[in-house]
Structures are given as C-alpha cells and as structure tokens.
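Please read the structure below before turning to the comments.
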There are 2 protein chains.
Amino acid sequence: MDLTERKRKILRAIIENYIATAEPVGSKTIASHPALNVSPATIRNEMADLEALGLLEQPHTSAGRIPSPKGYRVYVNELMEDYRLSVQETRKLNEALHLKMRELDQVIDQAGRVLSQLTSYPAFALSSGASRVTIQRFDLLMVSSDSFIIVVMTDNNVVRNRLVRLPSDLNEAQLQLLNTLLNTTFTGLTLDEITPELMRVASHAAGEAYGLISLVVSFAMDVLEHLEQRTVHTAGIANLLSHPEYRSLERAAPLMSYLSEDQDAERFPVPQGDPMEILIGPENVADALKDTSVVVASYDIGDGMRGVIGVVGPTRMDYAKITARLSYFADGLSRLFEQGELPPGDQGTEQP
Amino acid sequence: MDLTERKRKILRAIIENYIATAEPVGSKTIASHPALNVSPATIRNEMADLEALGLLEQPHTSAGRIPSPKGYRVYVNELMEDYRLSVQETRKLNEALHLKMRELDQVIDQAGRVLSQLTSYPAFALSSGASRVTIQRFDLLMVSSDSFIIVVMTDNNVVRNRLVRLPSDLNEAQLQLLNTLLNTTFTGLTLDEITPELMRVASHAAGEAYGLISLVVSFAMDVLEHLEQRTVHTAGIANLLSHPEYRSLERAAPLMSYLSEDQDAERFPVPQGDPMEILIGPENVADALKDTSVVVASYDIGDGMRGVIGVVGPTRMDYAKITARLSYFADGLSRLFEQGELPPGDQGTEQP
DNA sequence: TTTAGCACTCGCACTCTCTGAGTGCTAATG
DNA sequence: CATTAGCACTCAGAGAGTGCGAGTGCTAAA
C-alpha cells in the first residue's frame with residue numbers, strides 16, 4: 001500500500017485515536033495532532049481519499065471516520081511502531097509466568113487464564129495434539145494382592161498411570177509375565193496399529209490374565225487418543241464486557257457463546273508460518289469472528305510439540321501492546337518448557 | 001408459613017406463571033386459572049395480603065406481582081410439586097453421564113460443563129479438597145541411565161507420576177536405595193509433617209543421591225498440596241444471556257465476572273446437611289449472588305471424598321425441574337464413581 | 001365474603017424537536 | 001495547484017411530551 005507520507009501519518013493518527021477512544025474521529029481532532037500541521041479541511045480531503053481506498057469507513061454521514069479492517073491491516077503491517085514493554089509490564093509478565101508445573105492440560109489452561117488477565121481480553125489456548133504417538137513402555141506396579149498400578153510412557157515422554165482393582169487375586173509373578181508380554185507386544189505401535197486381531201493374539205498368550213490385557217491396553221489407547229486430540233481452553237470471557245463494542249448483547253452474546261462452546265479446536269486459528277499472527281475481522285474464517293480480531297502465537301513445548309495461545313477482541317484492539325505482550329508471554333512459555341520448569345508430558349515430567 | 005388453601009393456590013399459580021413467562025402476573029391471569037374459581041377482584045385482595053406477608057412484590061404500582069425471595073422459599077419448601085423427569089430427559093441425562101474417565105479434575109470440569117448444557121444455566125463444580133492426605137508409597141522406575149519416573153500414591157488412592165531427567169548418570173542400585181529410603185522415611189506423613197529437618201536427615205542418609213531426595217519429595221508435596229486444595233470449575237457462563245433477566249449488561253456483567261474469577265472455591269456455596277440445597281437470592285452469602293439463586297448438590301467420589309456441583313441462575317428459576325435434574329445427575333455421578341467407571345484419584349484410578 | 005364498577009397510577013412505546021458534531025463543496029488565497 | 005476559510009447540509013442521539021393499556025385499590029352492592 002503506497003501512500004503519501006501525509007496520508008500515512010493521518011491514517012495512523014486516526015487509528016491510534018480510535019483505538020484509544022472507541023469514538024469515530026473527525027477532521028478537527030486529527031488537525032490538532034502535533035505531527036500534522038494542516039487545517040481540518042485538508043484533512044477532510046485526505047480522509048475522503050483514504051475512504052475511497054477502503055482504509056476508512058463512515059458509520060453515518062455526519063460522523064467521523066473509523067478504520068476499516070483493511071485500514072487496520074495496513075496499520076499493523078506498515079504503520080504500527082513496536083510497543084516497548086515497560087519495566088512494570090515485564091515484571092508483571094514474568095510473575096505471571098510462574099505457572100505451577102502440573103499436567104500439561106492444566107498448565108495450558110492456566111496460561112490462557114493468565115494471558116486473559118494480562119490483556120483484559122478473552123484468551124484461548126490449544127493443546128497441541130501430537131500425531132502418531134506410540135507407547136514406549138509399560139510398567140505394572142503391585143499395590144496389594146488385588147490391585148496394581150499401570151504406568152504407561154509414550155515416545156514423546158508423556159507418562160500416565162491408573163490404579164486398577166481386581167475382583168480376583170494376582171501374584172507378583174503373573175504381573176511380571178503380563179508386563180513383559182505388554183512390552184514385547186504393544187510398544188512402538190500407534191493407535192491405529194493396535195488391532196482387535198493383535199489383542200486377541202496377546203490375550204491368548206496371556207493365559208489366565210487375558211482379561212487384564214484388554215484393561216491395560218485400553219487404558220494405553222485412552223492415553224494415545226487423548227494425546228492426539230486437540231482441545232481448547234478458553235478464559236476470561238467476561239472480559240469482553242469491559243470493552244464498549246460489546247456493551248450491547250447482540251454483539252456480545254454470539255461471540256461469548258462461540259468462545260464458550262469449547263472442545264472443538266478446529267474453530268480457532270493457528271499461526272501458519274510466523275510464530276505470531278494477527279487476524280483482523282473478516283480475515284477470520286469462523287463466522288462468529290468476522291468482526292473481531294484474533295492475535296495468536298505459538299510456543300515450544302518440547303518433544304516436537306507446539307502450543308498455541310491467543311486472545312480475541314474487537315477489531316479496535318491495541319495491536320501494538322497486545323502483540324508485544326503476547327509474544328513476550330509466548331517466548332516465556334517456550335523458555336519455561338525448555339528449562340524444564342514445566343512438564344512437556346501430559347502427566348508432569350521434568351527435564352532439568 | 002400457614003396460609004389458607006386458597007392463598008397457597010394463588011401463590012403457587014403466580015410463581016409458576018412468573019417462572020414460565022418472566023412477566024409480572026396480574027389478578028386477571030390468575031383468576032382464569034382452572035384450579036381457582038373466583039373473580040379478579042378477590043384475587044387482588046388475596047394478592048394484597050400475600051404482599052403484606054412479604055411473599056410477593058410489586059415492581060411498580062400499575063404492574064402485576066412478582067414473587068419475593070421469601071415467596072420462592074415458601075414455594076420451594078411447601079408448594080412445589082416434584083417434577084417427574086420424562087423418559088427423554090432421563091435418557092439424555094444418562095447419556096450425559098458417559099464421562100470419559102480421566103483425571104478427577106477433568107471429570108469434574110466436564111461434569112460441570114455437561115450440567116450447564118442440561119440446565120441451560122451456568123454451572124460450577126468444586127473439587128473436593130481432602131484433608132490430611134498422606135503418601136502411601138513411592139516407586140521409582142528407571143527409564144534410561146539419566147532419567148526415571150517417580151510414581152507417588154497417596155492413602156486415598158490417588159496415583160501421580162513425573163518423568164525426571166538428570167544431568168548425571170544413575171544406576172539401578174542407587175535408585176533402589178533411594179526408593180527404600182523414601183518409603184521408609186516419607187510414607188504416612190501429611191504435608192505439615194514433612195519438615196525441612198526431616199528432609200535434611202533424609203538427604204544425609206541418601207549419600208550421593210541427596211539432591212534427588214528433595215526432587216522427589218517436593219513432587220510428592222506438590223501432589224499432597226494439590227489434593228488438599230479446592231478448586232472451582234465454571235462452565236456455560238454464556239448461558240446466562242439466554243435468560244431475560246440478564247439481557248441488560250448491568251445485571252449480567254457482575255455475575256459473569258464473579259463466575260469467571262475462578263480459583264477461589266470458598267466463594268461458592270456447598271450443601272450443608274442435605275445432599276442438595278437451594279439458596280434463593282439474599283440467602284446467598286456472596287454479594288454478587290444476592291439476586292440470583294443457586295442450586296447445589298453433592299455426590300460421592302469415594303475414598304471419603306465428596307464432590308460438589310451446582311447451577312446459578314435468576315431467582316426466577318424452574319426449581320422443580322432444576323432440582324430434579326440436578327439430583328438425578330448428582331446421583332448418577334455418585335453411582336459412576338462407586339462402580340469405578342470414573343477415577344476416584346486425581347490420576348485415573350479404577351475399581352471394577 | 002365475594003364481586004362488579006370505576007377512578008387512578010405509571011411504565012412503555014412512540015413521536016417530535018433540537019442540538020451539535022462532522023461532512024462535502026465552493027470559492028478565495030499564497 | 002495545493003491549501004484553507006466559509007457555509008449549507010446531514011444525521012444520530014438526547015430530551016420532552018403524549019397516548020395507551022395493563023393493572024391496581026377502593027367502594028358499594030349482592
């Protein structure tokens with residue numbers, strides 16, 4: 001978008017003013033801007049040009065101008081200055097990064113919540129959904145004569161467990177046997193590769209303990225399935241209400257519902273190339289997001305997995321501030337996972 | 001509250017009408033009720049009496065009456081008829097109870113979400129927060145020369161684990177030693193009883209592996225701490241917006257914010273004696289709930305723990321329907337946990 | 001004790017008007 | 001020729017006034 005320097009200045013001034021006030025901005029306001037030194041009439045001419053270019057819009061004839069999505073796009077790509085986080089801000093962000101390490105799901109959930117607080121917009125966080133995960137090993141730990149613990153570890157270092165109680169007794173030797181059988185038969189397989197056929201063969205080989213095989217394997221399959229599945233966590237939906245564009249329920253309700261109806265990760269955007277992406281208004285695929293903006297970033301969880309975290313807000317968003325904060329936060333998350341202060345695995349693992 | 005039979009009928013008719021329509025109800029509407037056979041004028045007199053008793057309120061002079069919180073209380077205690085769940089409803093509820101068994105936290109979260117869907121009100125679920133949990137046993141599983149898995153099991157049958165990587169190597173014998181030391185020193189202790197003193201002594205006894213002791217024990221302490229802590233999960237907050245009383249943001253926003261600000265379980269009511277409790281408007285302790293009603297039920301998780309789940313809505317709530325559904329749902333949860341189809345422990349345990 | 005009749009109240013929806021911010025156009029200016 | 005002052009015009013939003021109708025309380029009769 002090649003514009004004269006003056007047009008760029010005017011566009012930027014309008015957008016920044018509108019971001020700050022949420023009111024359509026008129027020629028007079030901009031004329032008084034220190035960087036410009038022209039009369040309102042001149043500004044009006046320029047504004048008309050910018051509107052013709054599709055960068056500005058007029059809510060109604062006698063109102064000022066507001067930026068169009070295209071206008072925001074030009075602003076974000078070309079005009080916006082990097083926002084420098086203040087010392088207080090970095091401090092606050094660093095503090096917020098002291099997430100208690102626990103299961104990955106919970107960390108992700110908490111990260112979203114914290115991000116929402118930091119930005120005062122609703123936030124979402126997607127769990128990464130690794131593909132083609134396999135079981136690396138099984139361990140069976142005897143607890144008592146009628147109960148034991150299954151421990152399953154996957155090839156991306158997730159460890160999960162379950163306590164099982166049985167109606168019938170069981171001795172250490174049987175458990176040992178079962179353990180070996182599981183490790184020889186079911187390790188290195190993806191979810192698809194664990195066929196009923198295989199189960200049948202294994203059950204047969206297990207002798208008396210044939211029932212246990214399916215118990216243990218179905219747990220393992222659960223683990224794999226859960227890892228391959230992507231889930232959404234949303235937080236801070238009520239934050240929407242603090243922004244003037246959502247003071248009417250007609251605007252707020254659909255978006256809130258959209259954000260509430262969890263579960264289906266596909267509906268949320270994911271950064272494609274860069275680690276951070278900004279989607280403005282109609283650039284969003286989802287209908288419900290067509291007049292909101294989404295800023296989304298990815299971070300490194302380790303073991304080849306990437307997490308995704310983002311915020312949703314009105315197109316009139318303080319992009320400079322939000323992108324600065326979000327990228328700092330995402331970097332912080334990557335660093336935490338790298339240092340092993342957070343668990344890469346679903347079930348609390350650590351790599352000092 | 002001793003009222004004449006007719007007053008009771010009128011009160012009940014007014015409340016049920018108001019619950020259905022959300023509009024103040026006038027004498028004429030009630031007079032046409034089949035169970036009553038009197039003129040509007042008579043109803044008006046009775047209504048005036050009921051208002052004097054504090055059971056009804058008038059939004060303004062020329063409007064009909066609406067029930068007061070006290071009126072709802074009388075309705076709930078004395079007038080309300082048990083709502084019989086339809087076949088479809090029980091089927092739907094039963095289907096909803098097919099929660100995937102995973103960690104307790106996730107089950108609780110999901111239960112809340114499902115409840116919210118079933119009732120179309122926001123729901124909350126509290127994790128139970130057991131007190132005085134102790135570690136029952138430790139297991140250390142060697143993964144490679146520089147990594148192992150910690151498995152910790154508590155006396156209320158929660159099993160959790162973590163994968164640990166070390167900068168230095170470690171052999172099976174050392175791990176064995178460490179394992180025994182942990183089991184002899186730290187089992188049967190509550191969080192408070194694990195003192196720095198004890199840690200020092202144990203570290204000393206551990207010889208070379210002294211660093212690992214603190215690593216493992218701090219993980220165990222994390223587990224205990226998490227179990228003792230009560231957390232809140234809320235779901236379906238956007239459901240509020242579908243009810244006419246929350247169509248103005250002044251009403252909706254504070255409640256939404258209240259429900260969003262998770263984390264502090266104390267703010268939510270818990271059934272005191274009975275397994276189910278109804279709190280109407282000002283009966284709630286929390287200011288933000290003063291003009292909402294809360295229906296809350298508890299269910300049995302097993303191992304002496306009880307879960308709490310409830311819904312929040314306007315005082316004009318269909319108490320009969322909600323209580324019927326909630327109690328059925330809570331019973332279903334208890335049954336599921338009892339049958340062991342869900343994990344009593346934090347980390348997926350099972351008791352067939 | 002119940003009911004019909006009636007005057008009265010008051011929120012709500014509607015219309016109308018006024019105001020002021022902001023525009024586009026035109027003609028004058030450096 | 002770009003810039004600017006001047007001016008008529010537009011239009012959303014606020015505020016005032018109005019009529020409607022649902023619903024009440026009171027009174028007197030049945």
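The figures here come from the full heavy-atom set of this structure, side chains too, leaving out hydrogens, waters and symmetry mates. Chain identifiers are assigned alphabetically (A, B, ...) following the order of the sequence lines, protein sequences preceding nucleic acid strands; residue numbering begins at 1 within each chain.
By the side chain to side chain contact (heavy atoms under 4.5 Å, CB included) test, B:Asp291 pairs with B:Arg251, sequence neighbours left out. With sequence neighbours excluded, no residue forms a salt bridge (charged side-chain N to carboxylate O under 4.0 Å, His left out) with A:Arg91. For A:Glu266, the salt bridge (charged side-chain N to carboxylate O under 4.0 Å, His left out) criterion is met by A:Arg230, not counting sequence neighbours. With sequence neighbours excluded, the residues forming a side chain to side chain contact (heavy atoms under 4.5 Å, CB included) with B:Ala286 are B:Tyr258, B:Leu289, listed by chain and number. By the salt bridge (charged side-chain N to carboxylate O under 4.0 Å, His left out) test, B:Glu57 pairs with no residue at all, sequence neighbours left out.
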Next item on the list: Heavy atoms under 4.0 Å is the rule here; annotate nucleotides 17-22 of chain D 5' to 3' with B where the base is hit, S where only the sugar-phosphate is, and - elsewhere.
Entry: -----B
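Within residues 39-50 of chain B, the residues having any heavy atom closer than 4.0 Å to DNA chain D are, in order of number, B:Arg44, B:Met47. Residues of residues 9-37 of chain B having a heavy atom closer than 4.0 Å to DNA chain C: none are found.
Applying the salt bridge (Lys or Arg N to Asp or Glu O under 4.0 Å) test to residues at least two apart or on different chains, the pairs with a partner in residues 39-56 of chain B are B:Arg6-B:Glu46, B:Lys7-B:Glu46, B:Lys7-B:Asp49, B:Glu51-B:Arg65. Residue pairs satisfying the salt bridge (Lys or Arg N to Asp or Glu O under 4.0 Å) criterion with at least one member in residues 16-31 of chain B, sequence neighbours excluded, are listed as follows: B:Arg12-B:Glu16.
Remark: A:Asp82 CG is loosely packed, at most 12 non-hydrogen atoms of other residues, nucleotides or ligands lying under 6.0 Å away.
Nucleotides of DNA chain C lying under 4.0 Å from heavy atoms of chain A occupy a range whose first and last members, 5' to 3', are C:dA21 to C:dG24.
With hydrogens and angles left out, the side-chain atoms of A:Ser39 and A:Thr42 include a donor and acceptor closer than 3.5 Å.
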With a 3.5 Å cut-off and sequence neighbours excluded, list the donor-acceptor pairs that the side chains of residues 269-279 of chain A form with protein atoms.
{"residue": "A:Gln272", "atom": "NE2", "partner": "A:Val270", "partner atom": "O", "Å": "3.3"}
{"residue": "A:Glu277", "atom": "OE1", "partner": "A:Gln272", "partner atom": "N", "Å": "2.8"}

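Rounded to whole Å, atom C1' of D:dT4 lies 11 Å from atom CZ of A:Arg6.
Using a 4.5 Å cut-off on side-chain heavy atoms (C-beta onward), A:Thr119 and A:Asn239 make no contact.
For A:Glu283 and A:Arg73, the salt-bridge test passes: some basic side-chain N is under 4.0 Å from an acidic carboxylate O.
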